Structure formats: C-alpha cells, structure tokens
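Notes to accompany the following structure.
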There are 2 protein chains.
Amino acid sequence: MSAVTSPLVWEHVQPAAARRLLTGAIDAFAERGFQATTTRDIASRAGMSPAALYVHYPSKERLLFEISLYGHRAALDVLRNADQGSSPADRLRGMISAFTAWHAEHHTIARVVQYELAALTPEHLAEVAAIRRAISSQLEQVLTDGIRDGSFAVSDLPGTTLAVLSLAIDVARWYTSHRGDPEALGTLYADLAHRMVQT
Amino acid sequence: MSAVTSPLVWEHVQPAAARRLLTGAIDAFAERGFQATTTRDIASRAGMSPAALYVHYPSKERLLFEISLYGHRAALDVLRNADQGSSPADRLRGMISAFTAWHAEHHTIARVVQYELAALTPEHLAEVAAIRRAISSQLEQVLTDGIRDGSFAVSDLPGTTLAVLSLAIDVARWYTSHRGDPEALGTLYADLAHRMVQT
DNA sequence: GTCTATACGTGGATAGAC
DNA sequence: GTCTATCCACGTATAGAC
C-alpha cells in the first residue's frame, strides 16, 4: 500500500459476511458492470447462497450505493490530504499524484465509482454527486490560487479543472496491474498536469 | 456538423429499418449501457416489434459490434485526416482538436465505442482492438517526430501517448450538449495536449 | 418484412426450515 | 444467519400467420 494513497480498509463493515459480500460485489461490478452482475455471482464470491445476501443488504442497488459512497469519500479524502505544499504548483503536483495513484492502486473500486453512477437511484445519485462537486472544487481552488499568484496561466478555468480531473479519472478505465507502478504513474501525471497549467 | 469532424452518415446501412434499429441502439446503449438495454427498447425506438429486429440482426451483440466497428473506424479516420501540418506541434494540435471535437459532437456513439468493449464477443473485440492500436500508433508517431526534431520533450513516450489519448477519450464520459461547443473544447484540449509535451 | 404469440432461460427477491 | 426451494417478472430469441 502506498504512503500517499489512503488505505481501503473494510474492517468497519460488520459482520464479516457483509464485508465479504461488499468486496465480492466490488470485484464483480468492476469486471462485468453492475447490470451484468447477478446476485448469485456476488453471493458465490462470498461463499454464500443468494438468499443470504438479503440478510445484509436490502437490494443489489443498495450494495452498489454503499460501495459508491465509500469510494467517493475515499477519493475526496485522498485529494484533501494531498493538498499540501507551500506553492500552488507543489499542491497541484501532490494532489494529482495522489489522486492518480489512487485510481490506479484501487482501480476496481474506482471503476465502480466512475462508471456505475447511472445504476444508482436518483436519491443515491444526488448524495454521491455532492461529493463529486467537492472533489472538483478542491482542484479548482488550487488552480485559482495559482492564477492569482501568477504561477499558472489558465484560459478556461472550469474547462481546465475538468480536463485535469478527467485525466486522472480515466486511469480507472484502462489501468491494470501489469501497466506499471501507481506511484510512477502519479508522478508522470502530476508533471503532465503541471505542464498543462504552468506559466 | 463541424468541418473537422467526419460526418456520421448512415445511408450505407440498408434498408431503412435496419438503419433505424442501429441508430436507436446507439442512443439506447449510450444512455443505459448495453446490458441494461432490452431488444424491446431498441425495437420500439425504431417503431417495430422486438421480433422484427432479428430479420436485420442475428443478435443484440451483433448490433453492438456493427456500431462499435463503425464508430472505431470513424474515430481513426478523424485522427488520420487531421494529421496534417508542417510541424509536429501543428499536427498534434490538429489531431487532438479533431479527435476531441469528435468525441464531444458524437458523444453517443463515442460512449458505446469507449465503454461497451466488455460486451463484445472475443472475436469481435479482437477486431476493434486492432483499430484501437492503430489510433494509438498514429498519435505516438507524431510525438516521436516531435521528440526527434526537438520540439517536444517527453520523458515517457507510451505513458504520455496514453495520457493524451485518454484526455480526449474521457470527453465521451462527461460531455453533454449543454457543456459547450465541441470546436471550442477541441481547441482547448489541443492547447492542453501541446503544453503537456512541448519543450 | 412485420406482426402476434410464445417458448425458454434467467435474475431479483422472498418463504420458511434449521 | 444461512440454507433450499421457489415465485414471478422480464429478456432474448423463435414460430408461424399475413
């Protein structure tokens, strides 16, 4: 586990059976997508019958929501914890490095976070959308600070914020463990993001 | 329709009923995803009964494959046609501008192209994967030329090729028509991509 | 080439025993 | 809390008439 990416620990999910269902569902949703995943598939990954799933979760969608909510919170935490440094350039590099490495290191849950939003109920979607806005705001603030002190030159602030975020998010689509070290990727992406905005 | 993005014309799909099914399937797959789309949904968008679909296509997956194959070819064409200019910088800007604008302008089919690969049969996936490699090679060649003549400074060629491509591809995930003009987005992204690699 | 009707499998979720 | 058994709705695909 990297020093810059928050650990994804599931001890808080109790009992152990609920945790096995959750982690099995993450793998299944990431591999096949929510719609293609059956409750039988999730249950069998947890070593249970399909009926046992409903003791712990009221529906397949609720399982997705728990995963998506926890994943979004983890991603926001990673970004906020990395927002450190004496200059906007250092802060940006730290944030993009950590956020990118998180998407690589945790590409299974990141895939669920980034690509299964459409399967959430409107109420659940609204809840994770609020976290997504917070992620975007956190990045936009650094760019704003850099523009103000003259270290960044950005012609379109919302467009550039989205583009930089987008670069890191898309890692979840293509990354597999044989495609390199998450840390090295984070360093590369921090450099690319910095070059996108520097004066 | 933009001047730099190839038109997506469906006249070659005959008869008209097959064309209505194909375009209806693009919309449905883009909105809900392949797995969540029913043959009833596709047929009703084309004003037909579900059974009529099977006169024109042998399966739902085959419909996806036709869409994916045509979409991939269109994307490669756009990139190749935009690979013009007297310098690597001009060529890169033209390519990224056109490729990005295509993903915005045609975000429905682009979404199917970029996010429904897992639903293809292994044989069909292999066919589109070959086109994807050609797209990547086309971009890598420009970067290689720019490194050689000293106009680009790139520490990690495969990684940077993937990142630049990735930036444009992710447009298909978030773009909707109320998020600005595809041409303007293309221009912004061409600038960002150029800044990522320039000396 | 399109329809109605339907076969057949599958999937989310529940009932009730242990 | 987990099981086996099952309900019931839905989805892909086919049969056969027009």
Side-chain angles (χ1 to χ4, degrees), chain A residues 10-68 112 116-125, chain B residues 10-68 112 116-125:
Chain A
W10 302 105
E11 266 93 58
H12 64 101
V13 182
Q14 290 293 348
R19 187 163 64 241
R20 290 204 313 276
L21 287 164
L22 199 89
T23 55
I26 291 169
D27 293 345
F29 292 161
E31 273 173 36
R32 314 173 189 277
F34 176 81
Q35 301 284 354
T37 298
T38 67
T39 52
R40 286 167 173 79
D41 184 7
I42 297 166
S44 83
R45 284 175 195 249
M48 286 179 224
S49 73
L53 187 153
Y54 293 90
V55 173
H56 303 284
Y57 301 95
S59 68
K60 191 175 77 156
E61 189 276 339
R62 182 58 189 256
L63 205 35
L64 173 65
F65 172 59
E66 306 259 348
I67 293 164
S68 189
V112 180
E116 300 299 338
L117 296 171
L120 294 168
T121 64
E123 294 74 19
H124 289 162
L125 178 59
Chain B
W10 302 105
E11 266 93 56
H12 63 102
V13 181
Q14 290 293 347
R19 189 161 64 241
R20 291 203 312 276
L21 287 164
L22 198 89
T23 55
I26 292 169
D27 293 344
F29 292 160
E31 275 174 36
R32 313 172 191 278
F34 176 81
Q35 300 284 356
T37 299
T38 67
T39 53
R40 292 172 210 276
D41 183 7
I42 297 167
S44 82
R45 285 175 196 250
M48 286 179 223
S49 73
L53 188 153
Y54 294 89
V55 173
H56 304 284
Y57 301 94
S59 69
K60 191 175 78 156
E61 189 275 340
R62 182 57 189 257
L63 204 36
L64 172 65
F65 172 59
E66 306 259 347
I67 292 164
S68 190
V112 180
E116 301 298 338
L117 296 172
L120 294 168
T121 65
E123 294 74 20
H124 289 162
L125 178 59

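Only a predicted model underlies this, so the values are computations on that prediction, with no experimental measurement involved. Chain identifiers are assigned alphabetically (A, B, ...) following the order of the sequence lines, protein sequences preceding nucleic acid strands; residue numbering begins at 1 within each chain.
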*When we call it a touch if two heavy atoms are under 4.0 Å apart, what does B/T38 touch: a base, just sugar-phosphate, or nothing?*
sugar-phosphate

*Would you check if A/I42 and A/Y57 make a side-chain contact, meaning some heavy-atom pair closer than 4.5 Å?*
no

_Interatomic distance, A/K60 NZ vs C/dT10 P [rounded to whole Å]_ = 16 Å

_Could you tell me how far apart B/L53 (CG) and D/dT12 (C1') are, to the nearest whole angstrom?_
10 Å

*Over how many whole Å does the gap from B/F34 atom CZ to D/dG11 atom P extend?*
14 Å

_side chain to side chain contact (heavy atoms under 4.5 Å, CB included) assessment of B/F29 paired with B/K60_ = CA-CA 11 Å; B/F29 292 160; B/K60 191 175 78 156; 4.2 Å; yes

_Steps toward side chain to side chain contact (heavy atoms under 4.5 Å, CB included) verdict (B/E66, B/V13)_ = CA-CA 10 Å; B/E66 306 259 347; B/V13 181; over 6 Å; no

*Using a cut-off of 4.0 Å on non-hydrogen atoms, how would the nucleic acid contact of A/P15 be classed: base, sugar-phosphate, or nothing?*
sugar-phosphate

*C/dT14 C1' sits how many Å from A/M48 CE, rounded?*
18 Å

*What is the distance from CZ of B/R32 to C1' of D/dG11, rounded to the nearest Å?*
14 Å

*asked:* Mind checking if B/A51 touches a base, just sugar-phosphate, or nothing, with heavy atoms under 4.0 Å?
replied: base

_Is there a side-chain contact between A/T39 and the phosphate of C/dG12, meaning an N or O under 4.0 Å from OP1 or OP2?_
yes

*Evaluate the criterion side chain to side chain contact (heavy atoms under 4.5 Å, CB included) for residue pair A/Y54 and A/T39; output intermediate values, then yes/no.*
CA-CA 10 Å; A/Y54 293 90; A/T39 52; 3.4 Å; yes

*Send over the distance from B/E61 CD to D/dT12 P, rounded to a whole Å.*
13 Å

*B/R40 (side chain) and D/dT12 (base): donor-acceptor pair under 3.5 Å*: yes

*Could you state the atom-to-atom distance from CG of A/L21 to P of C/dG12 in whole Å?*
14 Å

